[in-house]
Protein chains: 2
Amino acid sequence: MNIGQAAQASGVSAKMIRYYESIGLIPKTVRTEAGYRVYSDHDVHTLRFIRRARDLGFSVEQIADLVSLWQDRERASKDVKAIALEHVTLLERKIRELQEMASTLTHLARNCHGDTRPHCPILEELANDEAGQGHVKPDAKFGVLGKAPAR
Amino acid sequence: MNIGQAAQASGVSAKMIRYYESIGLIPKTVRTEAGYRVYSDHDVHTLRFIRRARDLGFSVEQIADLVSLWQDRERASKDVKAIALEHVTLLERKIRELQEMASTLTHLARNCHGDTRPHCPILEELANDEAGQGHVKPDAKFGVLGKAPAR
DNA sequence: TTTAATCCTTCCAATCATGGGAAGGTCAAG
DNA sequence: CTTGACCTTCCCATGATTGGAAGGATTAAA
């Protein structure tokens, strides 16, 4: 199977398959004489695993750990669980951050007439020199809205 | 006031102030003979406005729009409200995405013993060839977890 | 006054996961 | 043998931000 078929079958783009190979997340494949990468059903299975982990928001680094645990028949399930729960913690922190933003904005927008007049509480709040200090300090590791999968 | 003091006073790092200038979000400042950037209280006020908008998760592009509306005494509040509500929509979509991930993972983790044995429903689910097709398709524009402010 | 510390400047690189596209080789069908 | 659909590698862009190097300016202390 060529890379395009593997991409089709796994839901991981050919670009990303090459990228995952380049960073060592997946091993280098066999090549044809012409240099084409060749994939087996087993490879596709691994790629699907990766795709699903990615869909759950795991970082590539975490996915690497998950893949190696997956392939380790001696693994301890607590190691897997630890990765999952750590990720849940991160997700929940992020959710809280976004919820805070959304609720602040919703509140401000509710008080904005939204007509042709210039008066606007949203701008007033943004311009308010006293505001914006007290609430949640932004997450040290992860940002607001990231660029994305776009599949 | 030099850039360091402006950074201190506004909560926007010197690095970011230069960056905002380079992309045209803020105008080029006056310079001293030696080439040092000079900032007024008014500039700091603008920087604080920007920082607060950024804390609410607005993109630099949206912030540019907000700043120009802010400085336009003839603005219509509906234009501001539209930007805010569009952003809320995005935030809420993102929140839903993350919640879905978190709840899936929480559910899986709850069924994982988390001991030294290898059996693990989390890995089973990731490896499950039938799964992962039916739920929310990832947001076309924004990704999972982004890199961040880290202030 | 010399020196050291602390600023400032510009420029370049890295982050993270992903896509876009160019330039060129390969393969199968017509 | 040509055409089109693949594949290859390589470089670039994204967004917001930080880091750092190399070098000049300013300031405070010795």
Side-chain angles (χ1 to χ4, degrees), chain A residues 1-8 10-26 28-39 47 50-51 53-64 87 90 94 97 138-151, chain B residues 1-8 10-26 28-39 47 50-51 53-64 87 90 94 97 138-151:
Chain A
M1 196 180 340
N2 283 342
I3 199 172
Q5 282 140 8
Q8 194 77 23
S10 66
V12 178
S13 72
K15 280 269 187 196
M16 289 313 296
I17 295 175
R18 294 195 196 98
Y19 171 69
Y20 291 152
E21 182 188 308
S22 81
I23 62 170
L25 177 56
I26 54 178
K28 292 187 181 162
T29 59
V30 175
R31 304 279 189 126
T32 65
E33 281 186 12
Y36 284 23
R37 289 172 180 81
V38 175
Y39 296 89
L47 286 168
I50 289 169
R51 181 177 61 76
R54 198 198 48 183
D55 286 350
L56 287 172
F58 286 103
S59 69
V60 166
E61 198 184 348
Q62 286 173 314
I63 294 175
H87 183 47
L90 189 60
K94 189 77 198 169
E97 253 180 70
D139 183 326
K141 181 164 188 209
F142 289 105
V144 180
L145 293 166
K147 232 194 73 181
R151 275 199 324 289
Chain B
M1 194 181 340
N2 283 342
I3 199 170
Q5 283 140 7
Q8 193 77 23
S10 66
V12 179
S13 73
K15 281 272 187 193
M16 289 312 295
I17 295 175
R18 292 193 198 99
Y19 171 70
Y20 290 153
E21 183 189 307
S22 81
I23 62 170
L25 177 58
I26 54 178
K28 291 185 181 164
T29 59
V30 176
R31 303 279 189 127
T32 65
E33 280 185 15
Y36 284 23
R37 288 173 181 80
V38 175
Y39 296 88
L47 286 169
I50 290 170
R51 181 178 60 76
R54 200 198 45 183
D55 286 349
L56 288 171
F58 286 103
S59 69
V60 165
E61 198 183 349
Q62 286 173 314
I63 294 174
H87 184 46
L90 189 59
K94 189 78 198 167
E97 252 180 70
D139 184 325
K141 181 165 186 207
F142 290 105
V144 180
L145 294 165
K147 233 196 71 183
R151 273 199 325 291

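Every chain is numbered from 1 and lettered A, B, ... according to where its sequence line falls, protein lines coming before strand lines.
Taking atom CD1 on B:Ile63 and atom C1' on D:dG15, their separation rounds to 12 Å, with Å as the unit. Here D:dC7 presents its C1' atom at 13 Å from CD1 of A:Ile17, a figure rounded to the nearest Å. If you measure from atom CZ of A:Arg51 to atom P of C:dA17, you get 17 Å, rounded to the nearest angstrom. Straight-line distance from the CD atom of B:Gln8 to the P atom of C:dT6: 15 Å, rounded to whole Å. What separates CD1 of A:Ile23 from C1' of C:dT18 is a distance of 12 Å, to the nearest Å. Rounded to whole angstrom, the span from the CZ atom of A:Phe58 across to the P atom of C:dC16 amounts to 17 Å. Straight-line distance from the CG atom of B:Leu47 to the P atom of D:dT17: 12 Å, rounded to whole Å. As a whole-Å value, the separation of A:Leu25 CG from C:dA17 P is 10 Å.
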Could you write out each protein N or O paired with an N or O of nucleotides 26-30 of chain C at a distance under 3.5 Å?
unit_1 : atom_1 : unit_2  : atom_2 : d
C:dT26 : O4'    : A:Tyr36 : OH     : 3.2
C:dT26 : O2     : A:Tyr36 : OH     : 3.4

Provide a list of protein-nucleic acid N or O atom pairs under 3.5 angstrom, restricted to nucleotides 19-23 of chain D.
unit_1 : atom_1 : unit_2  : atom_2 : d
D:dG19 : N7     : B:Lys15 : NZ     : 3.1
D:dG19 : O6     : B:Lys15 : NZ     : 2.8
D:dG20 : O6     : B:Lys15 : NZ     : 2.3

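When the side-chain nitrogen and oxygen atoms of A:Tyr20 are compared with OP1 and OP2 of C:dT18, one or more of them lie within a distance under 4.0 Å. Residue B:Arg54 places at least one side-chain N or O under 4.0 Å from the OP1 or OP2 atom of D:dT17. In terms of phosphate contacts, B:Arg37 brings a side-chain nitrogen or oxygen within less than 4.0 Å of OP1 or OP2 of C:dT9. Between C:dG19 and A:Tyr19, no contact under 4.0 Å exists linking OP1 or OP2 to a side-chain N or O. Between B:Arg31 and C:dT10, a side-chain N or O to OP1/OP2 separation shorter than 4.0 Å is present.
Remark: A:Val60 pairs with A:Tyr20, A:Ile23, A:Leu25 by the side-chain contact (heavy atoms from CB on, under 4.5 Å) rule, at least two apart or across chains. Under the side-chain contact (heavy atoms from CB on, under 4.5 Å) criterion, A:Glu21 pairs with A:Ile26, A:Lys28, A:Thr29, A:Arg31, A:Arg37, A:Tyr39, not counting sequence neighbours.
Listed nucleotides D:dT8, C:dA17, C:dT18 differ in distance to A:Ile3; the shortest reach to its side chain belongs to D:dT8. Here the nucleotide nearest the side chain of A:Met16, chosen from C:dT9, D:dT17, C:dA17, is C:dA17. Here the side chain of B:Ser13 is nearest to one of D:dA16, C:dT18, D:dT18, namely D:dT18.
Terminal axes of the helix from C:dT1-D:dA30 to C:dG30-D:dC1 (five pairs each, C1' rotation axis) are separated by 30°, to the nearest 10°.
Considering CD of B:Gln8 and CG of B:Asn2, their distance stands at 13.0 Å, rounded to 0.5 Å. Between A:Ser22 atom OG and A:Ile17 atom CD1 the span is 12.5 Å, to the nearest 0.5 Å. Taken to the nearest 0.5 Å, the OG atom of A:Ser13 stands 11.5 Å off from the CZ atom of A:Arg51. To the nearest 0.5 Å, atoms CG (B:Asp55) and CD (A:Glu97) are separated by 10.0 Å.
Residue contacts for A:Arg18: at a heavy-atom cut-off of 4.0 Å it reaches a base atom on one of the strands shown.
When the shell of 6.0 Å around CD of A:Gln5 is examined, it contains more than 12 heavy atoms from other residues, nucleotides or ligands.
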Query raised in the report: Between A:Met1 and A:Val38, is a side-chain contact (heavy atoms from CB on, under 4.5 Å) present by the stated rule, with each step listed?
Result: CA-CA 5 Å; A:Met1 196 180 340; A:Val38 175; 5.8 Å; no

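Counting all heavy atoms, side chain and backbone alike, B:Ala53 lies closest to B:Ile63 at CB-CG1, 3.7 Å. Residues B:Leu47 and B:Ser10 come closest through the heavy atom pair CB-CB, 3.5 Å. Looking at every heavy atom in both residues, A:Ala7 comes nearest to A:Ala14 through CB-N, 3.6 Å.
Side chain of A:His87 to main chain of A:Ser59: no donor-acceptor pair is present (N/O by atom type, distance under 3.5 Å, no hydrogens or angles).
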